[in-house]
Amino acid sequence: MAQQEVQQELSVDQYTLGLVGPDQEWAGTVADGGTIETYTPPGCWGPMITPEFRGGHEVTRPIRVENAEVGDAVALKIRDVEVTSLATSTGSMRERTEAFGDDPFVDHRCPDCGTEWPESIVEGTGEEAIRCAECGANASSFGFEYGYTVVFDEDRTVGITVDEDAAHDLAEDAAELMDIPENSRQHPILLYAPSEMPGTLGRLRPFIGNVGTTPSVELPDSHNAGDFGQFLLETDHDWGLESEAELEARTDGHMDIPEVRAGATLICPVKVDGAGVYVGDLHANQGDGELSLHTTDVSGTVRMDVEVIKGLEIDGPLLLPNEEDLPFISKPYSDDELEAGRELADEHSVDLLEEMGPIQVVGTGATINDATENAFDRAGKLLEMSEGEVRSRCTFTGGVQIGRLPGVVQLDMLAPMDVLEDRGIAHLVREQFDNGEQGA
């Protein structure tokens with residue numbers, strides 16, 4: 001990937017065909033301290049039903065960050081996430097086994113003519129609409145086990161599920177209503193027109209499902225995580241991996257953590273020179289765990305500032321969420337709580353650790369337990385603590401939250417600020433949490 005002119009503000013509206021890795025073409029180069037704006041198409045269902053895709057998302061081309069080298073980290077300070085779709089369809093999935101080999105997200109083939117990753121056309125609406133351009137067969141790998149269509153209010157604060165007639169009407173104008181960007185190559189999932197559970201109202205709170213830095217090997221974008229990455233092990237397609245060790249090249253960009261939203265800061269590992277920041281898979285809302293494996297995929301825009309952290313040497317993401325998104329016992333202490341703590345410390349002749357800051361260490365793995373162990377390991381290396389100390393601090397001042405089943409978690413704790421200072425991220429914690437310390 002060639003060097004490019006450094007820009008203070010960089011806008012990106014070019015996308016990959018479902019892959020992330022060091023061979024993808026740069027979208028441009030942003031300054032260390034600069035700003036990235038992206039305009040992205042829906043992440044999951046559209047690419048999933050479009051057989052040309054090599055992964056389950058459609059993310060931006062990677063963005064080179066000035067000064068970012070392997071072993072550094074890049075802080076992504078998310079300033080704004082705006083939904084531009086007016087409607088979407090989603091639900092739990094049904095696989096069409098005849099339309100893929102080892103992996104329905106990656107290994108596509110036409111069930112009739114056998115063409116791999118066939119080009120496709122749209123004929124009508126419904127689950128038979130995606131057709132192989134070569135032979136005319138239904139070439140999509142997915143249908144709905146249970147699906148629904150949602151329309152949003154003008155301010156994108158709520159959405160309501162619709163009935164069969166309304167879903168069909170929306171499907172007739174699917175690309176425009178979903179605001180599919182000009183450079184996108186996916187078919188809009190509104191075409192499928194699912195209509196179960198009509199009349200259900202939901203609150204919207206948009207966030208980014210897949211955002212981060214480029215892994216050191218090419219991976220399907222939806223599989224850049226420790227849980228979805230398991231599907232790549234011992235497979236025969238072009239992105240198959242031979243062992244779990246090879247999956248360590250991932251950067252865990254695919255998190256589906258609802259707290260990765262406007263106001264949050266995400267600190268990402270750098271595993272290729274230039275970092276290769278990418279963005280995609282915006283969601284209008286999602287409950288913790290993403291229990292149906294999919295949620296409200298939407299088009300939208302993201303604005304975020306970038307900052308290189310030299311030599312941090314993390315293996316996966318750290319999240320500094322909005323303070324309101326922190327668990328109760330992980331929030332910075334108030335002045336009254338600190339004063340009570342000082343009195344208690346004096347009474348028992350112990351020195352109060354005055355400065356601590358909230359952090360969340362993201363862990364991924366085949367299961368929730370594996371993901372939590374991964375987070376323990378990452379936290380221990382970051383903070384130079386034993387697993388026993390990590391577990392204890394997380395029990396007393398934190399906890400673990402489920403981002404996505406089967407294996408993405410956020411490990412919460414209040415970490416000593418002097419340790420965060422040594423690691424070069426204390427200033428980010430202070431910025432995020434009103435000086436990022438107890439009593440702030």
Item to check | side-chain hydrogen bond (donor to acceptor under 3.5 Å, both in side chains) assessment of D252 paired with T364 | outcome: CA-CA 7 Å; D252 284 337; T364 73; 3.0 Å; yes
Next on the checklist: Under the criterion ring pair (Phe, Tyr, Trp, His ring centres under 6.0 Å), I'd like the reasoning laid out for H223 against H254: C-alpha separation, chi angles, the key distance, then a yes or no.
Outcome noted: CA-CA 7 Å; H223 293 35; H254 184 202; 8.2 Å; no
Item to check | CA sep, side-chain torsions, deciding dist, call: Q8, T35, side-chain hydrogen bond (donor to acceptor under 3.5 Å, both in side chains) | outcome: CA-CA 6 Å; Q8 191 64 35; T35 299; 5.8 Å; no
Next on the checklist: Please evaluate residues Y39 and N183 with respect to the criterion side-chain hydrogen bond (donor to acceptor under 3.5 Å, both in side chains), reporting the C-alpha separation (whole Å), side-chain torsions for both, the decisive distance (0.1 Å), and the verdict.
Outcome noted: CA-CA 10 Å; Y39 173 32; N183 295 322; over 6 Å; no
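Atom CG of L10 sits about 11.5 Å away from atom CZ of R64, to the nearest 0.5 Å. Between the CG atom in L282 and the OG1 atom in T84 there is a gap of 8.5 Å [rounded to 0.5 Å]. To the nearest 0.5 Å, atom CD of residue E307 and atom NZ of residue K77 are 4.0 Å apart.
A donor-acceptor pair is defined here as one N or O able to donate and one able to accept, closer than 3.5 Å; such a pair exists between the side chain of T161 and the backbone of T200. Without hydrogens or angle criteria, D102 side chain to T235 main chain gives no donor-acceptor distance under 3.5 Å. Within the 3.5 Å criterion, the main-chain N or O of R79 finds no donor-acceptor partner in the side chain of R303.
For the pair R54 and W117, the cation-pi test (distance below 6.0 Å, angle within 45°) is passed.
Ring centroids of F105 and F142 are separated by less than 6.0 Å, placing the two rings close together.
Around atom CD of E164, no more than 12 heavy atoms belonging to other residues, nucleotides or ligands sit under 6.0 Å away. Taking a 6.0 Å sphere around CD of E134, one finds it holds 12 or fewer heavy atoms contributed by other residues, nucleotides or ligands. By the neighbour-count criterion of 12 heavy atoms within 6.0 Å, atom NZ of K310 is densely surrounded, having more than that number from other residues, nucleotides or ligands.
Under the side-chain contact (heavy atoms from CB on, under 4.5 Å) rule, C268 has a single partner from T251, I314, L76, V65, which is L76. Just one residue in the list L219, L241, V217, V20 forms a side-chain contact (heavy atoms from CB on, under 4.5 Å) with R250, and that residue is L219.
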